[in-house]
Amino acid sequence: MTLSTPADAQHTAATTKKNITRLIVATSVGNALEWYDISVYAYFAVYLSKAFFPAHDPTTSLLLTFGSFGLSFLIRPIGGIVLGAYADRHGRKASLMLSIVLMTLGTLVLALMPTYQTIGVLAPIAVMLARLVQGFSAGGEFGSSTAFLVEHMPERRGFVASWQFASQGVSGLLGAGFGALLTSLMSPEDLQSWGWRLPFLFGVLIGPVGIYIRNHVDDATPPPAAGNQDSPVKEVFARQMLPTILAIGALAVSTAVNYLIVYMPTYVVKTLNLAPSVGFIAAFAAQTAVALLAPIAGLVSDKIGRTTHMILFALLLLVSIFPAFLLLTGRPTPTIILIGVLWLGVLKSLYYGPLAALMSELFPAATRATGLGLSYNIGVTLFGGMGPAIMTWMGGFAPIGELAPGYYLTGVCLLSLGALFTIRRLRLA
């Protein structure tokens with residue numbers, strides 16, 4: 001009989017830690033690429049609108065840009081269903097490999113696309129097609145990667161799944177960092193001419209790294225044998241619509257605040273008439289909070305419960321939204337904008353951390369990737385992807401004006417609170 005020694009135990013712990021790190025990196029890198037591209041597109045919307053969607057009215061041009069931003073989200077539920085069902089049938093790894101390849105190709109097209117001035121109407125058409133490819137691939141990313149993580153470490157679901165959102169913070173941080181750096185170092189003319197392409201080219205470099213890493217991990221459980229179960233899509237639509245609706249509701253406020261942060265550079269320029277670097281710095285600070293605090297929130301939720309944790313921070317968000325925007329619009333100085341956006345980012349981070357684990361617990365393993373993909377992408381499309389366009393549109397009404405984001409977020413926050421209280425009352429997670 002071989003006796004274990006303290007050295008053996010240390011070696012096992014180190015190996016386990018190494019495996020956890022590899023799993024988190026393998027899943028997070030694709031999620032980071034998805035959100036990096038999303039954030040860069042939104043952060044540089046003012047420049048993209050002039051390059052690909054020129055119009056006599058700058059607001060119309062910007063609306064067309066954000067419209068194409070939102071258009072890519074309309075296909076995300078389809079990607080969530082198709083790639084989620086593919087993951088439930090053929091394994092999480094197979095779906096994760098396909099989604100990151102498609103995302104990298106879409107980013108490459110955006111980085112290299114000639115402008116409207118060069119190829120005319122083909123430019124905006126090609127941009128929208130690239131966004132649709134990215135939207136489809138992103139649709140399958142969250143469900144497959146979250147299922148992959150929680151099935152490897154079911155006893156620490158909150159912590160490992162929180163890296164889905166921490167990676168979004170890192171990617172948003174990189175996007176905002178590029179924005180702050182380029183707007184500070186480059187002239188507006190150079191930035192409009194070619195500088196906006198640099199962050200997209202950087203995004204292309206992430207893809208091959210993610211493909212390599214994902215190719216060296218395995219699923220926690222083998223895919224089901226053919227014919228052993230109904231279609232995952234049929235199962236979700238026939239028997240799991242209540243969990244799907246509640247997952248969408250729980251997601252709503254977090255994705256709305258996330259896209260508000262992404263929208264901030266545009267809001268600062270178009271509504272508050274300040275330098276774009278102010279919005280980028282505020283977004284950078286908020287995304288730093290997401291990257292640092294989401295794993296802590298996930299870890300805490302493993303100990304005290306998901307809904308208890310999330311309801312607390314949803315209530316704090318609710319009472320913070322309007323004061324923050326009254327402060328932003330009443331005293332729009334760089335310091336005030338930084339403090340207001342950072343506070344919202346901190347609250348969002350602490351709400352966000354347990355969310356992926358909560359959503360995964362609403363669905364059984366056999367349909368988890370499909371259910372997650374469908375609910376996540378419908379929620380992101382309705383309350384996130386269309387958010388910048390809705391806020392731009394709402395801002396055109398005199399009674400609302402500068403406070404449009406505040407009205408929008410308050411309504412969405414109430415919706416999320418209703419979903420969380422229902423999940424808690426029904427003991428679904």
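In this text the structure is predicted, and so the values were computed from the model without any measurement.
- At least one side-chain heavy atom of Leu201 sits under 4.5 Å from a side-chain heavy atom of Leu112.
- Two residues are said to be in side-chain contact when any heavy atoms from C-beta on lie closer than 4.5 Å; Thr104 and Leu108 fail this criterion.
- No side-chain heavy atom of Glu235 sits under 4.5 Å from any side-chain heavy atom of Thr370.
- Note: Gln164 CD to Leu355 CG = 10.5 Å, rounded to the nearest 0.5 Å.
- In this structure, Thr308 and Arg424 have side chains that are in contact, with non-hydrogen atoms separated by less than 4.5 Å.
- In this structure, Ser349 OG and Phe313 CZ are separated by 10.0 Å, a value rounded to the nearest 0.5 Å.
- Annotation: the span from Tyr351 atom OH to Ser416 atom OG amounts to 4.0 Å, rounded to 0.5 Å.
- Side-chain contact between Met310 and Ser301: absent, with no pair of heavy atoms (C-beta onward) separated by less than 4.5 Å.
- Put simply, the side chain of Arg197 gets close to the backbone of Ala111: a donor and an acceptor are under 3.5 Å apart.
- A donor-acceptor pair under 3.5 Å is absent between the side-chain atoms of Arg89 and the main chain of Pro232, judged by distance alone.
- Nearest heavy atoms, Ala282 versus Ile337: CB-CG2, 3.9 Å.
- Within the 3.5 Å criterion, the main-chain N or O of Arg92 finds no donor-acceptor partner in the side chain of Ser95.
- The aromatic rings of Phe44 and Tyr47 sit tilted, their planes meeting at an angle between 30° and 60°.
- Proximity of Leu415 to Phe383: side-chain heavy atoms (C-beta onward) are separated by under 4.5 Å at one or more points.
- Among all heavy-atom pairs drawn from Ala256 and Val412, the shortest one is CB-CG1, 4.0 Å.
- In this pair, Trp196 and Phe52 present their aromatic rings perpendicular. The plane angle is above 60°, beyond the 30 to 60° band.
- Between Glu151 and Lys93, none of the side-chain N atoms (NZ, or NE/NH1/NH2) sits under 4.0 Å from a carboxylate O, so this pair counts as no salt bridge.
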Q: Evaluate the criterion side chain to side chain contact (heavy atoms under 4.5 Å, CB included) for residue pair Ile100 and Arg214; output intermediate values, then yes/no.
A: CA-CA 9 Å; Ile100 196 170; Arg214 286 187 170 182; 3.8 Å; yes

Q: Could you walk me through whether Glu361 and Arg306 pass the side chain to side chain contact (heavy atoms under 4.5 Å, CB included) test, one step at a time?
A: CA-CA 10 Å; Glu361 290 164 353; Arg306 320 281 182 228; 2.8 Å; yes

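- Asp302 CG to Arg157 CZ: the interatomic distance, rounded to the nearest 0.5 Å, is 10.0 Å.
- Closest approach of Leu350 and His309 over heavy atoms only: O-NE2, 2.7 Å.
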Q: Run the numbers on Thr183 and Leu191 for side chain to side chain contact (heavy atoms under 4.5 Å, CB included), then give the verdict.
A: CA-CA 7 Å; Thr183 53; Leu191 193 53; 3.7 Å; yes

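- Summarising the geometry, atom CH2 belonging to Trp163 is positioned 14.5 Å from atom OG belonging to Ser145; distances are rounded to the nearest 0.5 Å.
- Looking at heavy atoms from C-beta onward, Arg368 lies in side-chain contact with Ser360 at the 4.5 angstrom threshold.
- For NZ of Lys50, the number of neighbouring non-hydrogen atoms (other residues, nucleotides, ligands) closer than 6.0 Å is 12 at most.
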Q: Start with the C-alpha gap between Leu110 and Val40, add the side-chain angles, then the distance that decides, and say whether side chain to side chain contact (heavy atoms under 4.5 Å, CB included) holds.
A: CA-CA 11 Å; Leu110 286 172; Val40 165; over 6 Å; no

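- Minimum heavy-atom separation, Leu198 to Leu182: CD1-CD2, 4.1 Å.
- Between Thr146 and Tyr376 the shortest side-chain heavy-atom distance does not fall below 4.5 Å.
- What you find for Leu374 and Thr244 is that their closest heavy atoms are CD2-CG2, 4.1 Å.
- In this pair, Phe178 and Tyr36 present their aromatic rings perpendicular. The plane angle is above 60°, beyond the 30 to 60° band.
- Between Val209 and Leu205, the shortest heavy-atom contact is CG2-O, 3.8 Å.
- The distance from atom CG of Leu414 to atom CG of Leu317, rounded to the nearest 0.5 Å, is 11.5 Å.
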